[in-house]
2 protein chains.
Amino acid sequence: MKQEKADRRSQRTRRLVSAAFAELVAEMPYDKILVQDILDRAGIGRTTFYAHYFDKEDVLNSIIEQELELLTRQIDRAATGQRLIPSLELFEHAYHSQNQQLRALMQSRASDFLWEALQVALCRAIESALTTHWTEKYSSPIPVPVVSEYLAGAFLTLLKWWVTADMPYPPEQMERIFQQLALPGVWALLTESEQKAGIDADVPTLLSRTHL
Amino acid sequence: MKQEKADRRSQRTRRLVSAAFAELVAEMPYDKILVQDILDRAGIGRTTFYAHYFDKEDVLNSIIEQELELLTRQIDRAATGQRLIPSLELFEHAYHSQNQQLRALMQSRASDFLWEALQVALCRAIESALTTHWTEKYSSPIPVPVVSEYLAGAFLTLLKWWVTADMPYPPEQMERIFQQLALPGVWALLTESEQKAGIDADVPTLLSRTHL
DNA sequence: TTGGTTTCGGAACACCATGTCCGTTACCGA
DNA sequence: TCGGTAACGGACATGGTGTTCCGAAACCAA
């Protein structure tokens, strides 16, 4: 079920299946999609399909895995710095994602897996960043994993809403909204002396509540 | 498929099916559960099942609907006051929920529907409270629906984590955590003069960031 | 208790989607 | 050009679904 250096025909088939699946998932709920639907839409034979995928779920997973890899790489790259979460990059990634696949997928119910996987990946990265770069500043009875969970969830909620609403605002504005809504609570957990540093230059402005 | 004043036998059947389903959903992913599994577990006949439910999904929906009604009533009741969200009551509701059904359901993957429905209900309530009681204080470029979405999402993220982790803290502590993490960003959107009023007495304390 | 009504249960059934196997055809890479 | 590999269509076994029929059992009201 893997492709090392694939025959053109194999690539073609996989491409057709992915495209067909993306279309279908945008039209109807995942669990209503039949293998036959994929076959018809992709214009391939039954045998061919099963030569490439175990089953319907395998198609979903392969697409998600592929997309998730890009995102995870982006997240981990940011985790090496002091930033807790590469929010702007993620908003922009979704925004500029040429292939409709990502949007269609995110909007459909099939993406529950994707969102959950993203939540986990984000959470890990945030926790790591928090314990690596902010340990000495962090003094709060709230456990770090809870903070991470909250931040990841708050971000993904906004991202999800934004994508579902067909991205009515530019990524930069979403980034600002996220900073204003979700981060003050986290900053408050870090000792005062360091609040001006790192993460974002908007911090002081936000906490003074004057520019709204 | 409804029961007005049901025969004892009908009640028994529905009860058995609900219980069996709750058990199964705690043991395996929803889409792996067969009707036959429910039949075996509940100890009823195939014919009987289809006399009460359209299909497997109908069982899930009926349980969710039932639970959702309780929660929605609680949410709407709080929405009449100035509070944005009855967080403490919801944490406590989950905590004291005697029947394992709620916990098992929330922890399983089948509950995606429930979470989504909760998100919508919460969002509506928050938006309503915000436009009703806070209009004159609210002056921000961030649209009210976005704020509502964020608050509902942030709360549900914490609730979800808490339930999944088998509720390691008392509801009161979760309430405090939620207030500290998620609300500062929202309060900052309301004009300064009113920040001491309503919602929660902890507000000033939080914003001064001294008690952490 | 009785008698009419409703539900239950079991077996058999048609239906449909799944996943596999075959021989043949078309395409690819070298 | 030629050997290998993938696509194809059709047929097939499998397994879960939802329905039907009918006798037995449980219910409820009188």
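A note on names: the letters A, B, ... follow the listed sequences, proteins ahead of strands, and every chain is numbered from 1. Given the structure is predicted, the values throughout are model-derived calculations rather than measurements.
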**Student:** Tell me which residues in residues 40-47 of chain A lie within less than 4.0 Å of DNA chain D, going by non-hydrogen atoms.
**Tutor:** A/Gly43, A/Ile44, A/Gly45, A/Thr47
**Student:** Using the ring pair (Phe, Tyr, Trp, His ring centres under 6.0 Å) criterion, which residues pair with A/Phe21? Sequence neighbours excluded.
**Tutor:** none
**Student:** Could you list the residues that satisfy side-chain hydrogen bond (donor to acceptor under 3.5 Å, both in side chains) with B/Asp40, not counting sequence neighbours?
**Tutor:** B/Gln36
**Student:** Would you please indicate if the ring centroids of A/Phe91 and A/Tyr95 are separated by under 6.0 Å?
**Tutor:** no
**Student:** Please enumerate all residues that pass ring pair (Phe, Tyr, Trp, His ring centres under 6.0 Å) together with B/Tyr30, with sequence neighbours excluded.
**Tutor:** none
**Student:** With sequence neighbours excluded, give me every salt bridge (charged side-chain N to carboxylate O under 4.0 Å, His left out) pair touching residues 144-167 of chain A.
**Tutor:** none
**Student:** Could you tell me whether the side chain of A/Thr132 and the main chain of A/Ala129 form a donor-acceptor pair under 3.5 Å?
**Tutor:** no
**Student:** Between A/Ile75 and A/Ile85, is there a side-chain heavy-atom distance shorter than 4.5 Å?
**Tutor:** no
**Student:** Answer whether the closest heavy-atom distance between the side chains of A/Asp112 and A/Glu116 falls below 4.5 Å.
**Tutor:** no
**Student:** Under 4.0 Å from any heavy atom of chain A: name the first and the last nucleotide of DNA chain C that qualifies, 5' to 3'.
**Tutor:** C/dA17 to C/dG29
**Student:** Do side-chain atoms of B/Thr157 reach the backbone of B/Gly153 as a donor and acceptor pair under 3.5 angstrom?
**Tutor:** yes
**Student:** Using only atom types and a distance under 3.5 Å, with no angle test, would you say the side chain of A/Asp58 pairs donor to acceptor with the backbone of A/Asp55?
**Tutor:** no
**Student:** According to ring pair (Phe, Tyr, Trp, His ring centres under 6.0 Å), does anything in residues 163-182 of chain B pair up with another residue at least two apart or in another chain? List the pairs.
**Tutor:** B/Phe155-B/Phe178
**Student:** First and last nucleotide of DNA chain D in contact with chain B, 5' to 3', at under 4.0 Å to a heavy atom: what are they?
**Tutor:** D/dG16 to D/dC28
**Student:** Would you indicate what A/Arg9 reaches in the nucleic acid, counting non-hydrogen atoms under 4.0 angstrom: base, sugar-phosphate, or nothing?
**Tutor:** base
**Student:** Less than 4.0 Å between a side-chain N and a carboxylate O, is that true for B/Glu172 and B/Arg176?
**Tutor:** no
**Student:** Find the bend of the helix from C/dT1-D/dA30 to C/dA30-D/dT1 as the angle between its two terminal axes (five pairs each), to the nearest 10°.
**Tutor:** 50°
**Student:** Are any side-chain N or O atoms of A/Thr13 and backbone N or O atoms of A/Arg9, one a donor and one an acceptor, separated by less than 3.5 Å?
**Tutor:** yes
**Student:** What residues, two or more places apart in sequence or in another chain, satisfy side-chain hydrogen bond (donor to acceptor under 3.5 Å, both in side chains) together with B/Arg12?
**Tutor:** none
**Student:** What residues in residues 25-38 of chain A put a non-hydrogen atom under 4.0 Å from any atom of DNA chain C?
**Tutor:** A/Leu34, A/Val35, A/Gln36
**Student:** Can you list every salt bridge (charged side-chain N to carboxylate O under 4.0 Å, His left out) pair that touches residues 17-32 of chain B, not counting sequence neighbours?
**Tutor:** B/Glu23-B/Arg41, B/Glu27-B/Arg41
**Student:** Quick check on DNA chain D: between B/Lys56 and A/Arg12, whose nearest nucleotide comes earlier from the 5' end?
**Tutor:** A/Arg12
